[in-house]
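Contents: one structure, followed by commentary.
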Amino acid sequence: MPTPSPSNTPLALAGWTLSAAVGIFLLFSAGTKLLRTPAVLAEFEHLGYTESAILAIAVAQTVGIVLYLLPRTGVLGATLVTAYMGGGAAVHLRAGDDVLLPIVTAILAWTGLVLRDHRVHSVMPWRTSFTHTAPPGAQSHRSLEP
Amino acid sequence: MTANHPNKGDPSPRSKLFWLGWTLTILAGLFLFFGAINSILLTETATAGLAKMEYPAASARPIGIVLLVSVVLYLIPNTAVLGAILLTGYLGGAVATHVRAGDPLTNVLFPVVFGAVVWLGIFFRDARVRAIVPWRA
């Protein structure tokens, strides 16, 4: 029996939409760093980073997002994005800022991935037995088959 | 679905790789567990380390509690992936902190290597993790 196609279920579509939204937001964020906008320079100074770190941080961010958006490397990309967001949370905590945005972004990234890929769903947030790995959307999709 | 898959995530749960996975998991888990306890008990090591990195002193205990919860989830087999993700976020925070402080590359890379060990621990012992990390089979 073929694996339920991850792109054919309503849940997977929602997952890809969420993934794309997170991806666009983060690519925009990386783009502002590459362009060294005044807001980025002010933020880096506020957080106590040297300007020379901007390029490396933007590149790391972009690599993570691209891997996240590719179907086969979604988990690796989400992991790199999570580390990046953990860094964001840490430096904002250090500066006495609010730390909610990076945490919410990471949660949204994983939610998108879990929805779009039932194999990720089978180990997240907790491991389910294989009889329950297909998300409800995939099961209803399968039941429509002759 | 069920016809094509064994009931367990790993068809050979007692293979050498399986035990290597658990060894890495326990080693990483113990190290991070003691780190969490240090932070929660506000030991000299923990508070001095945070002060050096210019973190508010009041952040020690919350950081320790977040780390402890992550480690416990990582050590419970059913929530190991969620735990590894939370630990990744924690270790990413360590990387960012060392980058900010302008520390040598070895200090910056230590949490990166540690994160790899955390993931290898579950990678070796769970076929379902191997199916999606580092790329989808």
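So you know, we letter chains A, B, ... as the sequences are listed, proteins then strands, and number each from 1.
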Check: In terms of heavy-atom contacts, does OH of A:Y49 have more than 12 from other residues, nucleotides or ligands at under 6.0 Å?
Finding: yes
Checklist line | Closest-packed option against chain A by number of heavy-atom pairs under 4.5 Å, given B:L86, B:L50, B:L87, B:T88 | finding: B:T88
Item checked: A:E45 atom CD, over 12 foreign heavy atoms within 6.0 Å -> no
Next item on the list: Between chain B and each of A:L80, A:T73, A:L93, A:L67, count heavy-atom pairs under 4.5 Å; write down the option with the most.
Entry: A:L93
Notebook entry, point to check: In terms of heavy-atom proximity below 4.5 Å to chain A, should B:I63 be classed as side chain, backbone, both, or neither?
Noted result: side chain
Margin query: Do B:I122 and B:L73 sit in one hydrophobic cluster, given that two such residues count as connected whenever their side-chain heavy atoms are within less than 4.5 Å of each other, even indirectly?
Written below: yes
Next item on the list: Side chain from CB out, backbone as N, CA, C, O: work out which of these in B:T79 comes under 4.5 Å of a heavy atom of chain A, or both, or neither.
Entry: both
Next item on the list: Give a yes or no answer on whether the side chain of B:T47 reaches the backbone of B:E44 with a donor-acceptor pair at less than 3.5 Å.
Entry: yes
Notebook entry, point to check: What part of A:P71 is in contact with chain B, defined as an atom under 4.5 angstrom from a non-hydrogen atom: side chain, backbone, both or neither?
Noted result: backbone
Checklist line | chain B contact via A:M85 - which portion, at a heavy-atom distance below 4.5 Å | finding: neither
Checklist line | Residue B:W22 excluded, over 12 heavy atoms near CH2 under 6.0 Å | finding: yes
Check: Top residue by heavy-atom pair count (under 4.5 Å) with chain A, among B:G115, B:A96, B:P111?
Finding: B:A96
Note to self: Using a 3.5 Å distance criterion without hydrogens, assess whether the side chain of A:Y68 forms a donor-acceptor pair with backbone atoms of A:A109.
What the structure shows: yes
Notebook entry, point to check: Given that the side chain runs from C-beta out, which part of A:L47 has a heavy atom under 4.5 Å from chain B: side chain, backbone, both or neither?
Noted result: backbone
Check: Which of the residues A:R94, A:R72, A:M124 is involved in the greatest number of heavy-atom pairs with chain B at under 4.5 angstrom?
Finding: A:R94
Next item on the list: Answer with yes or no whether the hydrophobic clustering places A:V75 together with A:V63; edges join I, L, V, M, F, W, Y residues whose side-chain heavy atoms lie under 4.5 Å apart.
Entry: no
Next item on the list: Measure distances from B:L91 to the heavy atoms of chain A and classify the residue's part below 4.5 Å as side chain, backbone, both or neither.
Entry: neither
Check: In terms of heavy-atom proximity below 4.5 Å to chain A, should B:V99 be classed as side chain, backbone, both, or neither?
Finding: both
Notebook entry, point to check: B:F114 vs B:F31 aromatic rings, parallel, tilted or perpendicular, using cut-offs 30° and 60°?
Noted result: tilted
Notebook entry, point to check: In terms of heavy-atom proximity below 4.5 Å to chain A, should B:P62 be classed as side chain, backbone, both, or neither?
Noted result: neither
